[in-house]
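Everything on this sheet refers to the single structure shown next.
So that the names make sense, note that chain A is the first sequence line, chain B the second, and so on, each numbered from 1. In this text the structure is predicted, and so the values were computed from the model without any measurement. Any value given below was found using the heavy atoms of this structure, including those in side chains, with hydrogens, waters and symmetry copies removed.
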Amino acid sequence: MYKVLTGVLDPDSVEDELEMATVRHRPEALELLEAQSKFTKKELQILYRGFKNECPSGVVNEETFKEIYSQFFPQGDSTTYAHFLFNAFDTDHNGAVSFEDFIKGLSILLRGTVQEKLNWAFNLYDINKDGYITKEEMLDIMKAIYDMMGKCTYPVLKEDAPRQHVETFFQKMDKNKDGVVTIDEFIESCQKDENIMRSMQLFENVI
Amino acid sequence: MAAGVATWLPFARAAAVGWLPLAQQPLPPAPGVKASRGDEVLVVNVSGRRFETWKNTLDRYPDTLLGSSEKEFFYDADSGEYFFDRDPDMFRHVLNFYRTGRLHCPRQECIQAFDEELAFYGLVPELVGDCCLEEYRDRKKENAERLVEDEEAEQAADGPALQVGSSLRQRLWRAFENPHTSTAALVFYYVTGFFIAVSVIANVVETIPCRGPARRPSREQPCGDRFPLAFFCMDTACVLIFTGEYLLRLFAAPSRCRFLRSVMSLIDVVAILPYYIGLFVPKNEDVSGAFVTLRVFRVFRIFKFSRHSQGLRILGYTLKSCASELGFLLFSLTMAIIIFATVMFYAEKGTNKTNFTSIPAAFWYTIVTMTTLGYGDMVPSTIAGKIFGSICSLSGVLVIALPVPVIVSNFSRIYHQNQRADKRRAQQKVRLARIRLAKSGTTNAFLQYKQNGGLEDSGSGEEQALCVRNRSAFEQQHHHLLHCLEKTTCHEFTDELTFSEALGAVSLGGRTIRSTSVSSQPVGTSNLLSSCCPRRAKRRAIRLANSTASVSRGSMQELDTLAGLQRSPAPQSRSSLNAKPHDSLDLNCDSQDFVAAIISIPTPPANTPDESQPSSPDGSSGRASSTLRNSNLGTPCLLPETVKISSL
């Protein structure tokens with residue numbers, strides 16, 4: 001009632017907001033990052049300048065992450081997949097992707113060995129990080145990917161398309177047919193597949 | 001897309017590694033973009049002031065002067081810098097746009113100069129950021145209005161400039177609406193004004209009692225009765241002029257119904273009708289009472305002056321827009337009047353020979369007291385009555401005097417608010433449309449790119465170069481990313497039109513359902529191949545000629561999407577037409593033919609509706625694989641033509 005009469009906001013809440021906005025994160029030294037990742041100094045510089053331009057506070061939170069990702073896939077809904085991706089990048093699970101996390105992830109994806117990339121992909125699919133990909137987890141991931149396509153696809157997206165895709169995937173990957181895919185089965189099956197191996201080099205020249 | 005998005009593209013592409021194990025089709029190869037390793041600092045010299053920035057910063061907006069190869073024209077090899085002979089202060093804002101993605105409008109600069117700089121550097125005024133957009137628009141509008149006023153003044157000074165070929169009716173209407181356009185119109189304008197004044201004055205004068213020359217005791221007639229003929233003649237003349245004017249306006253009006261319903265024409269009718277009614281009404285005593293009241297309406301002729309006075313029109317408009325406030329004031333006044341009248345009546349009831357005979361009679365007292373007029377024809381005599389009477393007059397001051405300034409300020413507030421609300425609504429619509437367009441622009445760019453056969457990776461490098469010149473590196477990589485997603489899920493992006501058609505085809509039990517099944521029918525496709533091949537080649541040759549416009553349009557569209565411009569929907573519809581026979585990608589998920597999956601044919605626009613309509617729903621699945629096979633055979637001979645056309 002007092003607030004309504006005097007029109008005064010709770011002073012604490014305003015300050016809280018200001019405080020949150022001033023969270024700053026400074027990345028580790030350039031040399032350290034260079035040693036930890038497979039990028040050169042110049043590449044790190046370019047990456048950081050872009051990163052800092054977009055996120056002056058030094059960290060990306062999930063909302064911003066989802067916004068950014070949705071700009072690339074305007075037709076569909078990429079929030080679910082962005083959520084999984086965010087969890088995959090946020091290795092220390094503190095709710096924010098700092099520049100180090102960013103570089104760590106990119107280093108694996110762009111400069112890593114095939115083994116490391118497959119490891120990363122497995123980590124992405126394994127939502128609860130227990131070392132096994134179950135059919136439910138895979139279905140979630142698949143649905144998220146299909147969501148990104150949006151509604152207007154050709155051919156018309158059917159309800160069970162993700163499920164069918166998951167079945168195909170499990171048929172290929174699950175060697176001992178126990179309903180889950182472990183990291184070894186995954187890597188082994190991927191290494192046998194020519195197409196996958198060939199496409200692993202696709203994104204190397206991204207930076 | 002925003003500038004910052006370009007920064008995240010490498011990250012989004014890297015994250016696409018997550019799709020690789022899931023892809024059921026082989027993914028397309030990445031575009032061979034010669035990415036510049038390392039960033040270099042460019043020096044831009046604007047009239048002596050040096051600005052230095054990273055090359056990447058400028059490359060964020062490839063469809064502007066600084067972001068494209070156009071800046072090479074300004075490159076000075078001796079000094080190794082780009083020299084622009086323009087205003088350095090303005091350039092600061094332009095460069096900040098590249099850096100931050102928001103274009104700010106300088107407060108102290110002339111808006112015209114700012115616009116010119118924007119035009120020079122290839123920036124569209126729509127890019128002005130939201131923080132400065134409103135002010136920018138306001139100032140621009142002011143400027144434009146001032147220019148228009150100057151122009152009109154010039155025109156009026158120069159004299160009338162009638163368009164050749166305008167009909168008499170149009171010219172007449174223009175003369176009525178803008179009397180300044182011709183001398184005849186001006187004369188007419190003043191003559192009607194004069195006659196309105198004469199008519200009103202005559203109405204007033206004819207009621208003045210004037211004494212006749214001979215001394216008639218005690219009989220003073222109003223002038224109207226003394227000189228009936230004179231007044232009648234004057235009245236007739238005025239009414240004739242007004243009638244003539246009304247008929248002429250009716251004839252000249254572009255929309256007669258609308259004119260008949262307008263306020264001014266109603267006033268005209270009301271002004272002249274009493275005269276005609278009076279002509280036909282016989283002069284007997286019974287009806288003359290009614291006839292007299294009709295004469296009251298002659299006073300409405302004074303409202304005809306509103307055509308001559310701008311201020312009167314504005315007043316009328318503001319009254320109309322503040323009707324609700326006035327209504328509320330009236331309502332609260334009525335409440336107060338009723339309360340006080342009741343109180344006064346009961347307070348004065350006891351007194352004999354009192355004026356307060358009833359509550360309605362007390363209304364008059366309350367109104368006179370509350371408006372502080374105080375005629376004194378009704379006064380309370382009891383003490384209670386006097387007390388309540390004084391309370392009434394005090395509260396009258398409050399009730400009347402307070403809302404009046406509020407209403408006055410309401411006038412200006414509501415007026416400005418309306419204007420601002422409309423502006424904001426329009427801007428909101430524009431902004432949403434821009435966002436929507438940017439989104440659809442990206443998709444359409446991708447679809448357009450597919451239709452134009454940009455997915456070919458084979459072919460000579462020359463063709464490749466010519467085709468990709470129209471797309472920036474960013475676009476290439478983004479399209480590659482979208483393409484990878486398509487391959488992973490075995491579904492393609494389409495637009496609304498095709499999607500609804502496909503839905504319709506599916507509901508009809510069409511043959512397009514085949515594509516969703518994972519298993520293939522390689523046997524059937526080879527049969528179709530042999531039968532369709534020659535026909536397809538011929539048709540395609542014809543339709544290629546039509547692809548010129550679509551290619552150039554498509555490239556323009558892609559160039560514009562980065563700036564998120566607002567474009568007419570025409571390109572969109574064209575791409576939707578293109579998408580109809582969209583059999584560019586192999587839908588066969590298990591196909592082992594890696595090459596066939598990549599190559600596609602430039603699908604021509606459906607400018608020939610006769611063949612596109614029937615062909616799209618039926619047999620499009622068959623055409624899918626057949627045209628793919630076709631591409632292997634037909635590509636070498638057709639590609640050169642495609643290239644030639646696109647380079648036009």
Side-chain angles (χ1 to χ4, degrees), chain A residues 42-43 45-47 49-51 53-54 68-69 71-75 81 84-85 88-89 102 105-106 109-110 117-118 120-122 124-125 141-142 145-146 148-158 161 164-165 168-169 173 186 189-190 193 195-196 198-200 202-207, chain B residues 1-2 4-5 7-27 29-30 33 35 37-39 54 56 99-100 438-440 442-443 477-478 481-482 484-486 488-496 498-499 502-503 506 512-513 515-516 518 582 587 594:
Chain A
K42 259 194 175 277
E43 288 170 341
Q45 280 180 337
I46 298 175
L47 279 170
R49 278 202 297 266
F51 186 83
N53 219 6
E54 290 315 301
I68 292 167
Y69 215 68
Q71 299 210 21
F72 291 108
F73 302 98
Q75 266 200 333
Y81 188 68
F84 293 134
L85 211 53
F89 267 89
F102 190 60
L106 278 188
L109 290 172
L110 300 178
K117 287 183 192 172
L118 289 175
W120 189 91
F122 185 85
L124 172 69
Y125 303 147
I141 298 272
M142 202 61 79
I145 293 182
Y146 273 81
M148 284 199 289
M149 290 295 294
K151 192 174 55 105
C152 300
T153 58
Y154 181 83
V156 177
L157 203 54
K158 299 192 119 181
Q164 279 187 3
H165 202 149
T168 326
F169 178 78
M173 300 282 165
F186 182 71
S189 323
C190 285
D193 189 334
N195 280 337
I196 297 180
R198 203 173 359 203
S199 49
M200 278 290 167
L202 260 184
F203 298 104
E204 296 219 320
N205 65 341
V206 160
I207 301 290
Chain B
M1 276 203 218
V5 175
T7 326
W8 293 103
L9 184 63
F11 152 75
R13 298 185 67 212
V17 167
W19 305 335
L20 295 183
L22 303 176
Q24 292 172 335
Q25 296 173 3
L27 294 183
V33 178
R37 308 272 156 168
D39 219 348
W54 296 109
N56 276 357
R99 291 177 181 143
T100 60
K439 275 192 164 187
S440 68
T442 340
T443 331
Q477 294 176 357
H478 186 226
L481 185 67
L482 292 175
C484 287
L485 183 60
E486 285 184 340
T488 313
T489 55
C490 295
H491 289 75
E492 290 171 35
F493 286 109
T494 64
D495 52 21
E496 296 276 342
T498 332
F499 175 65
L503 264 182
V506 164
T512 49
I513 305 178
S515 49
T516 59
V518 177
H582 63 137
L587 308 164
F594 185 82

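The candidate from A:Ile196, A:Leu118, A:Thr153 with the greatest count of non-hydrogen atom pairs under 4.5 Å with chain B is A:Thr153. The residue among A:Lys117, A:His165, A:Met173, A:Met142 with the most heavy atom pairs within less than 4.5 Å of chain B is A:His165. Ranking A:Trp120, A:Tyr69, A:Tyr125, A:Phe73 against chain B, the residue ahead of the rest is A:Tyr125, based on heavy-atom pairs under 4.5 Å. When A:Cys152, A:Ala88, A:Cys190 are compared by the number of non-hydrogen pairs under 4.5 Å with chain B, A:Cys152 comes out ahead.
The contact between A:Met200 and chain B is made by backbone and side chain atoms together, counting heavy-atom distances below 4.5 Å. The parts of A:Leu157 that come within reach of chain B are both its backbone and its side chain, each placing non-hydrogen atoms under 4.5 angstrom from that chain. Only the side chain of B:Trp54 comes within contact range of chain A, judged by heavy atoms closer than 4.5 Å. Contacts between A:Ala161 and chain B at a heavy-atom distance below 4.5 Å involve the side chain alone, from C-beta outward. Neither the backbone nor the side chain of A:Phe122 comes within contact range of chain B; no heavy atom of the residue lies under 4.5 Å from a heavy atom of that chain.
B:Ala14 approaches A:Leu110 most closely through the heavy-atom pair CB-CD2, 3.7 Å. Considering all non-hydrogen atoms of both residues, B:His491 and A:Met149 come closest at O-CE, 3.2 Å. B:Trp19 and A:Met148 get closest at one heavy-atom pair: CZ2-CE, 3.6 Å.
Side-chain atoms of B:His478 come within 3.5 Å of backbone N or O of A:Phe72 as a donor-acceptor pair.
The aromatic ring centres of B:Phe11 and A:Phe51 sit 6.0 Å or more apart.
The CG atom of B:Leu9 sits 12.0 Å away from the CD1 atom of A:Ile68 when rounded to the nearest 0.5 Å. Annotation: the span from A:Ile145 atom CD1 to B:Thr488 atom OG1 amounts to 6.5 Å, rounded to 0.5 Å.
Legend: residues meeting side-chain contact (heavy atoms from CB on, under 4.5 Å) with A:Ser199, ordered by chain and number and at least two apart, are A:Leu202, B:Leu20, B:Leu27. Residues passing the ring-ring contact (aromatic ring centres under 6.0 Å, His included) test with A:Phe84, sequence neighbours excluded: none.
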